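Each remark here refers to the structure printed beneath this line.
Keep in mind it's a predicted model, so treat the numbers as computed, not measured. The figures here come from the full heavy-atom set of this structure, side chains too, leaving out hydrogens, waters and symmetry mates.
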Amino acid sequence: MNYSRQKARNFPAFVIKNYLPISQKVEIIHFEHGKILCIYPKNHQASLLSTGSLIFCAVEKSQNVYRFLDLSIETSAHGLSIEQLVFVHDIMRLCKKSIPREIRVPEMFDFLLYIYSNILTLSEVGRSVAMLRLFLLLDLLPEQQEVYQIAIQDPCGIISQDFKIINESVQRSWDNFYQHDKA
């Protein structure tokens, strides 16, 4: 590997799934390349990645997969509460099933960065509003004006809607997701 490749620019990415111990692959949402599959050699630090980790990496495409040129683990899901872990895993499940390979979704990526930077202070209702925004970005939100108004709110701000309505909207969105996934 030449020196210029090693100095490739690192971009943020989110870990969707690490396939260890089955194989040395990790699926990520990369800022520059979208959802991609990266391979790594045995005993590489990528083997430590867990679902929901925020990383910074430089990658290079090799045939139909990518490989890491550089990798730093910014944050991992370790240390989060059970509710926060479930939230992170729900986000990654949506991304895994709903974003096509090598398609960039800049609005979603920016929103994920915002959510991750505020995850420790995000309330239960804030997490539900964030999920609605993700469903909206993936075109899985029920087509109702009231639900749309909830989804566009700042999940870290003051949320005035009834929590029961928000949760029902999240459930209907999950129903849409599962129906879309079957198709």
Side-chain angles (χ1 to χ4, degrees), residues 11-31 33-40 46-55 57 59 65-66 73-120 122-143 147-148 150-153 155-156 163 166-183:
F11 288 98
F14 295 98
V15 176
I16 296 174
K17 181 173 176 67
N18 196 335
Y19 289 90
L20 266 182
I22 298 165
S23 66
Q24 291 154 315
K25 297 177 185 173
V26 63
E27 192 167 25
I28 64 174
I29 301 172
H30 191 272
F31 174 81
H33 302 289
K35 186 172 80 172
I36 59 174
L37 190 64
C38 290
I39 58 172
Y40 54 88
S47 65
L48 302 173
L49 296 175
S50 60
T51 299
S53 295
L54 171 62
I55 61 175
C57 60
V59 296
V65 295
Y66 290 77
I73 304 170
E74 185 70 17
T75 61
S76 74
H78 301 291
L80 296 179
S81 70
I82 297 296
E83 293 82 12
Q84 292 164 330
L85 283 171
V86 169
F87 175 62
V88 167
H89 280 260
D90 284 347
I91 290 171
M92 293 304 119
R93 179 172 26 155
L94 281 173
C95 293
K96 180 168 180 48
K97 297 285 188 174
S98 302
I99 299 174
R101 289 230 188 229
E102 297 190 37
I103 299 294
R104 289 186 68 228
V105 188
E107 301 85 14
M108 174 173 261
F109 198 91
D110 290 343
F111 186 66
L112 289 176
L113 282 173
Y114 178 70
I115 292 301
Y116 268 69
S117 67
N118 293 290
I119 195 161
L120 295 176
L122 206 56
S123 68
E124 182 180 359
V125 70
R127 288 191 299 269
S128 294
V129 169
M131 289 305 297
L132 288 176
R133 173 81 59 86
L134 293 171
F135 283 119
L136 173 65
L137 291 168
L138 293 168
D139 200 26
L140 295 169
L141 192 70
E143 293 186 22
V147 178
Y148 180 81
I150 296 169
I152 62 172
Q153 292 184 70
C156 299
F163 190 55
I166 294 171
N167 277 339
E168 288 171 357
S169 300
V170 170
Q171 186 57 53
R172 284 195 315 270
S173 297
W174 277 115
D175 293 344
N176 287 347
F177 169 76
Y178 290 121
Q179 287 178 357
H180 178 71
D181 191 39
K182 290 179 185 177

Distance-only, no hydrogens or angles: does the K35 side chain make a donor-acceptor pair with backbone N or O of K96 under 3.5 Å?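 Such a contact is found between K35 side chain and K96 backbone.
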Carefully, step by step, assess I28 and C57 under the rule side-chain contact (heavy atoms from CB on, under 4.5 Å). CA-CA 10 Å; I28 64 174; C57 60; 4.1 Å; yes
Nearest 0.5 Å please: distance from the [atom1] atom of [X] over to the [atom2] atom of [Y].
{"X": "I36", "Y": "R101", "atom1": "CD1", "atom2": "CZ", "answer": "9.0 Å"}
{"X": "E143", "Y": "N176", "atom1": "CD", "atom2": "CG", "answer": "9.0 Å"}
{"X": "L94", "Y": "M108", "atom1": "CG", "atom2": "CE", "answer": "6.5 Å"}
{"X": "Q24", "Y": "I39", "atom1": "CD", "atom2": "CD1", "answer": "9.0 Å"}
{"X": "M131", "Y": "F87", "atom1": "CE", "atom2": "CZ", "answer": "6.5 Å"}
{"X": "I16", "Y": "L49", "atom1": "CD1", "atom2": "CG", "answer": "12.5 Å"}

Quick one: which of L112, I29, I99 gives a side chain to side chain contact (heavy atoms under 4.5 Å, CB included) with V105? I99
In terms of relative ring orientation, are W174 and F177 parallel, tilted or perpendicular, with 30° and 60° separating the classes?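 W174 and F177: perpendicular rings.
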Evaluate the ring planes of F109 and F14, with Trp represented by its six-membered ring, and classify them as parallel (under 30°), tilted (30 to 60°) or perpendicular (over 60°). tilted
Taking side chain to side chain contact (heavy atoms under 4.5 Å, CB included) as the definition, give me every residue that meets it alongside I152, ordered by chain and number, with sequence neighbours left out. L136, Y148, Q149
So, using side chain to side chain contact (heavy atoms under 4.5 Å, CB included) as the criterion, who are the partners of I82 when residues are at least two apart? V86
Test log, rule side-chain contact (heavy atoms from CB on, under 4.5 Å), inputs V170 and L132: CA-CA 6 Å; V170 170; L132 288 176; 3.7 Å; yes
Give the intermediate values and the outcome of side-chain contact (heavy atoms from CB on, under 4.5 Å) for residues L134 and L140. CA-CA 8 Å; L134 293 171; L140 295 169; over 6 Å; no
Check the side chains of Q171 and D175 for a donor-acceptor pair under 3.5 angstrom, ignoring hydrogens and angles. yes
Regarding N167 and S128, do their side chains bring together a donor and an acceptor under 3.5 Å, going by distance alone?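 Their side chains do contain a donor-acceptor pair, which is all the 3.5 Å distance test asks for.
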Looking at every non-hydrogen atom in both residues, tell me the closest pair between A130 and I115 and how far apart they are.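 Between these two residues, the closest heavy atoms are CB-CD1, 3.6 Å.
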If you take all heavy atoms of A151 and R133, which pair is closest and at what distance? O-NE, 2.7 Å
Should C95 and I91 be marked as a side-chain contact (heavy atoms from CB on, under 4.5 Å) after you check the CA-CA gap, both sets of side-chain angles, and the distance that decides it? CA-CA 6 Å; C95 293; I91 290 171; 4.3 Å; yes
Residue pair [X] / [Y], side-chain heavy-atom distance below 4.5 Å:
{"X": "H33", "Y": "V59", "result": "yes"}
{"X": "S50", "Y": "N18", "result": "no"}
{"X": "V26", "Y": "C38", "result": "yes"}
{"X": "F135", "Y": "R172", "result": "no"}
{"X": "K17", "Y": "M92", "result": "no"}

Taking 4.0 angstrom as the limit, do E83 and R127 come out as a salt bridge?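 No salt bridge links E83 with R127.
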Can you pull out every side chain to side chain donor-acceptor pair (under 3.5 Å) where at least one residue sits in residues 102-114? Sequence neighbours excluded, please. K61-E102, Y66-E102, Y114-D154
